[in-house]
Amino acid sequence: MVPQYWLRAFAEDGHVLGRWRGGAEHRTPVRRAAVARHFNTDPLAEGQRRVALETYLDRHVDGPCAPVLRALREGQWPLDETEHAVALDALAWQVVRTQAFRSFDEQVGRHLFPALWAQEAVGYCEERLGRPLSDAERLEVFWTAVRTAPDPSLIADPRSALRAVIRVFERTRDLLAAPARRLVLLRSVEPLLVLADSGVALRRKDGTFGITPPLLPETIEVFAPLSPTCLLISTPRAHYLPHQGLTRKIAAKANAGASAWCQDAVYRLPSMPWPTHLPLAETPLEVRRPRLSAVPAQQPPGPAPAHPEIRHGELRAILEQLSHPPTDQSDQSPVLRTGDER
């Protein structure tokens with residue numbers, strides 16, 4: 001989802017013009033564009049705890065980020081150290097707080113689930129038998145479990161997507177803050193840019209906008225249209241020349257990213273024509289199904305990879321809330337987590 005303060009830069013008289021797959025266009029009030037009900041609410045909590053993440057985003061992300069991005073749209077550049085950090089927060093959150101990222105997370109979970117289920121099945125068989133399985137037995141149990149794994153939705157954790165948002169935000173923020181990267185601000189006189197319902201687009205080194213593999217390689221560029229005339233780019237490359245401004249060629253790349261990364265719609269100024277030669281992708285981005293193989297382990301598995309530390313105390317508390325059942329549900333059976341334990 002895209003914050004309203006971001007969408008308003010693409011609006012006239014409080015409306016944006018949205019184009020949906022198939023070509024249909026509708027004038028849409030800003031308050032109804034790029035939104036989804038209860039997108040960040042905790043489905044197992046009540047009261048204020050239910051909207052803890054949404055409240056955090058409002059107070060600690062959108063509140064500080066809105067004036068910084070407004071200053072960028074108005075031409076304030078370069079940013080001071082504090083403003084630069086806030087701009088990175090805005091970009092990192094916009095990568096993960098959208099339907100595009102949630103779709104990515106869910107697709108990866110579905111693809112990996114049979115293997116995770118099969119791995120659990122091998123351990124379960126060894127526990128029941130009271131002995132290690134032979135290599136041949138392990139492979140037989142593994143592949144049988146892969147073929148017979150249930151649908152992930154039957155046992156999925158409804159909070160895993162929210163935990164993934166928090167954890168991947170930290171990774172994304174660290175990547176965007178790497179010394180080899182820089183922010184570039186490009187401006188044009190006339191409106192050239194459209195805005196996807198994902199807000200940002202990730203462009204790979206080869207010029208494609210595919211979603212995998214992996215989601216965030218070090219060479220990725222993040223295109224963030226801040227207004228129809230202002231483009232912010234996070235890049236490890238040095239080929240953008242701010243004194244040349246936002247050219248039509250660069251705008252075309254950003255708009256192609258918006259078309260690829262939108263989940264449902266792309267928005268623009270109502271008075272701005274749809275960019276020439278910009279097709280709207282027929283379907284959202286898809287994660288390619290991996291080719292699964294298995295061989296007997298030659299050595300004991302190493303330690304499981306650790307998630308990065310959540311630096312903000314309030315965000316850590318929200319993650320803790322999302323990681324444990326509410327007290328009145330503590331006697332329920334645990335579910336297998338697939339979305340954020342990868």
Side-chain angles (χ1 to χ4, degrees), residues 2-3 5-10 57 60-98 100-101 168-189 191-196 198-209 214-258 260-261 308 311-312:
V2 182
Y5 75 83
W6 200 317
L7 277 161
R8 278 194 289 269
F10 291 81
L57 292 172
H60 299 290
V61 181
D62 296 339
C65 291
V68 172
L69 297 195
R70 181 173 61 248
L72 289 175
R73 289 194 296 268
E74 294 172 352
Q76 179 180 321
W77 189 261
L79 299 174
D80 63 32
E81 184 177 350
T82 300
E83 292 169 330
H84 186 272
V86 171
L88 292 182
D89 285 345
L91 291 184
W93 274 111
Q94 199 54 47
V95 168
V96 302
R97 67 189 293 184
T98 62
F101 173 77
V168 178
F169 161 73
E170 292 284 346
R171 297 177 184 176
T172 304
R173 179 62 170 76
D174 289 344
L175 181 140
L176 297 182
R181 301 187 69 88
R182 64 183 185 127
L183 290 180
V184 179
L185 185 69
L186 303 177
R187 301 173 58 82
S188 65
V189 175
L192 299 175
L193 298 171
V194 298
L195 181 71
S198 59
V200 300
L202 307 185
R203 185 173 187 264
R204 297 183 170 277
K205 189 175 182 179
D206 63 3
T208 65
F209 293 95
L215 178 66
L216 285 166
E218 293 181 356
T219 55
I220 204 79
E221 291 186 325
V222 182
F223 283 73
L226 303 185
S227 78
T229 61
C230 182
L231 178 65
L232 184 64
I233 305 173
S234 170
T235 179
R237 306 172 68 184
H239 65 294
Y240 296 105
L241 303 176
H243 68 275
Q244 293 184 355
L246 176 61
T247 65
R248 290 185 176 275
K249 182 177 180 180
I250 296 174
K253 293 179 182 179
N255 290 340
W261 272 84
R311 292 180 285 270
H312 196 289

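Here the shortest heavy-atom pairing between A9 and P228 reads O-CD, 3.2 Å. When all heavy atoms are compared, the tightest approach of L183 to A87 is CD1-CB, 4.2 Å. Considering every non-hydrogen atom in both W6 and A224, the closest pair reads CZ2-CB, 4.1 Å. L186 and P242 get closest at one heavy-atom pair: CD2-CA, 3.7 Å. R187 and C230 get closest at one heavy-atom pair: NH1-SG, 4.0 Å. In terms of heavy-atom proximity, G199 sits nearest to V2 at N-CG2, 3.6 Å.
Atom CH2 of residue W77 and atom CD of residue E83 lie 10.5 Å apart, to the nearest 0.5 angstrom. One finds the CG atom of L232 at 11.0 Å from the CZ atom of R73 (value rounded to the nearest 0.5 Å). For the atom pair CZ of R203 and OG1 of T208, the computed distance is 8.5 Å after rounding to the nearest 0.5 Å.
In this structure the side chain of P3 reaches within 4.5 angstrom of the side chain of Q94, judged on heavy atoms. A 4.5 Å side-chain heavy-atom check between L185 and L231 finds every atom pair outside the cut-off. Side chains of V222 and I233 form no contact here, defined as non-hydrogen atoms less than 4.5 Å apart. A heavy-atom distance below 4.5 Å is not found between the side chains of E218 and P236. A heavy-atom distance below 4.5 Å is found between the side chains of C65 and Y5. L175 is listed as a side-chain neighbour of I220, based on a closest heavy-atom distance under 4.5 Å. Inter-residue side-chain proximity for L57 and R97 is flagged as met; some heavy-atom pair is nearer than 4.5 Å. Contact annotation: the side chain of L7 never approaches that of F10 to less than 4.5 Å [non-hydrogen atoms, C-beta and beyond].
Partners of H239 according to the side-chain contact (heavy atoms from CB on, under 4.5 Å) rule, which considers only residues two or more places apart in sequence or in another chain, are E221, R237. Take R182 and apply the side-chain contact (heavy atoms from CB on, under 4.5 Å) test, not counting sequence neighbours, and it matches V184, T235, A238, Y240. For H312, the ring pair (Phe, Tyr, Trp, His ring centres under 6.0 Å) partners are Y56, H60, not counting sequence neighbours. When the side-chain contact (heavy atoms from CB on, under 4.5 Å) test is applied to A177, the partners found at least two apart in sequence or on another chain are L88, R173. For the side-chain contact (heavy atoms from CB on, under 4.5 Å) test, residues two or more places apart in sequence or in another chain that qualify with T229 are S188, P191, S227. Here R8 pairs with nothing under the salt bridge (charged side-chain N to carboxylate O under 4.0 Å, His left out) rule; sequence neighbours left out.
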Could you go step by step and tell me if L72 and Q76 meet the side chain to side chain contact (heavy atoms under 4.5 Å, CB included) rule?
CA-CA 5 Å; L72 289 175; Q76 179 180 321; 5.8 Å; no

Determine, stepwise, if the pair D174 / R171 fulfils side chain to side chain contact (heavy atoms under 4.5 Å, CB included).
CA-CA 5 Å; D174 289 344; R171 297 177 184 176; 5.9 Å; no

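Side-chain atoms of W261 come within 3.5 Å of backbone N or O of L202 as a donor-acceptor pair. No donor-acceptor pair under 3.5 Å is formed between the side chain of D89 and the backbone N or O of D62. In this structure a side-chain-to-backbone donor-acceptor pair under 3.5 Å is present from R181 to S234. In this structure, T172 contributes its side chain and V168 its backbone to a donor-acceptor pair below 3.5 Å. A donor-acceptor pair under 3.5 Å is absent between the side-chain atoms of N255 and the main chain of L193, judged by distance alone.
Atom CZ of R248 is surrounded by 12 or fewer heavy atoms from other residues, nucleotides or ligands within 6.0 Å. Other residues, nucleotides and ligands contribute over 12 non-hydrogen atoms within 6.0 Å of the CD atom of Q244.
Aromatic ring pairs are classed by plane angle as parallel below 30°, tilted from 30° to 60° and perpendicular above 60°; the pair F223 and F209 is perpendicular.
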